[in-house]
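These notes concern the structure reproduced below.
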Number of protein chains: 2
Amino acid sequence: MIFGNPLPEASRLTVTGGSTTLAMADAKWFLRGITSNERYVTRQEKDQFVAKQQGLGRPNAICAALIPIRKKPSWWLLPQDERRRILEECSKHVAIGMKYLPAVARRLHHCRDLGDNEPFDFLTWFEYAASDAAAFDDLVAQLRASEEWNYVDRDTDVRLIRDDF
Amino acid sequence: MIFGNPLPEASRLTVTGGSTTLAMADAKWFLRGITSNERYVTRQEKDQFVAKQQGLGRPNAICAALIPIRKKPSWWLLPQDERRRILEECSKHVAIGMKYLPAVARRLHHCRDLGDNEPFDFLTWFEYAASDAAAFDDLVAQLRASEEWNYVDRDTDVRLIRDDF
């Protein structure tokens with residue numbers, strides 16, 4: 001269930017780090033985000049994540065997904081306790097991600113506070129083995145069926161296979 | 001108690017909105033930040049703030065302060081529940097600000113997620129009447145004496161008087 005303006009089709013995606021702006025005259029689109037501090041997880045959840053998660057770049061994790069989303073203004077007007085309640089106590093966002101560790105590695109990038117006109121609020125990057133592709137589909141289906149997703153107004157989904165394996 | 005590298009002295013300060021970069025060849029320094037969603041306050045605290053606070057630009061609020069701060073990496077590694085506990089349950093950051101409403105109006109700008117090399121994490125802008133200057137000094141003294149300030153590694157304080165009153 002993808003909604004909001006889609007991104008133009010592209011046959012390849014390059015991920016670059018750092019704050020250099022690449023000259024990519026032939027790029028059909030370009031998204032930027034920044035890793036940041038945790039916004040919702042508790043100490044207990046963070047310790048569980050650290051114990052279970054694996055890093056990006058595992059040799060057998062040849063599948064990737066880039067899921068850029070934007071949340072509604074009504075989400076951003078909520079105070080912290082109400083956003084946490086919707087995200088976790090109602091929607092189990094953290095717990096769902098935990099279930100798929102270490103199979104699905106994840107890195108979250110924040111965009112909303114980069115400027116006034118960012119097209120998305122978050123870019124989440126996932127990596128997993130081909131044998132975990134169905135599990136990854138389950139993960140995103142559960143999140144998209146959650147209460148939290150009522151606050152999402154743009155949701156895109158780019159699936160990739162690494163070309164150097 | 002100001003610590004970390006100070007800003008060069010300047011005789012005037014201009015505050016501009018929007019994302020345009022001004023050509024200010026003669027500026028001694030330039031700081032940028034973005035207003036964002038609440039990170040810590042609960043629904044109850046937010047409703048109290050909204051009921052008590054007044055906006056910026058009040059004719060008699062001719063005094064202002066700009067307090068740029070940066071927090072230590074150890075702060076940013078804490079999970080959300082521990083940062084909230086230090087900020088409010090230990091340090092009463094929200095409650096202290098509330099005590100001085102509506103006298104001291106405030107706007108918080110976030111810098112940390114603008115890029116990899118921002119000099120500060122937050123720029124807080126305060127406005128108050130000359131008759132509330134001592135109250136404002138009390139407010140910042142209480143915050144600087146709090147547990148939360150153990151996590152601050154750069155703290156600057158720029159005091160201003162409006163020149164058009």
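Numbers restart at 1 for each chain; the letters A, B, ... are given by sequence-line order, proteins then strands. Predicted model only: the values in this text are computed from it and were never measured.
In this structure, Arg83(A) CZ and Asn37(B) CG are separated by 4.5 Å, a value rounded to the nearest 0.5 Å. Taken to the nearest 0.5 Å, the CD atom of Glu38(A) stands 11.5 Å off from the CD atom of Glu82(B). Atoms CZ and CZ, from Arg43(B) and Arg85(A) in turn, are 9.5 Å apart once rounded to the nearest 0.5 Å. Taking CG from Leu77(A) and NZ from Lys46(B), the interatomic distance works out to 5.5 Å, rounded to the nearest 0.5 Å.
For the pair Pro79(B) and Glu45(A), the minimum side-chain heavy-atom distance is 4.5 Å or more. Side chains of Asp116(A) and Ile34(B) form a contact here, defined as non-hydrogen atoms less than 4.5 Å apart.
Residues Asp113(B) and Thr35(A) share a closest heavy-atom pair of OD1-O, 4.5 Å.
By the side chain to side chain donor-acceptor pair (under 3.5 Å) test, Glu89(A) pairs with Arg84(A), sequence neighbours left out.
Residue Leu114(B) touches chain A through both its backbone and its side chain, counting heavy-atom pairs closer than 4.5 Å.
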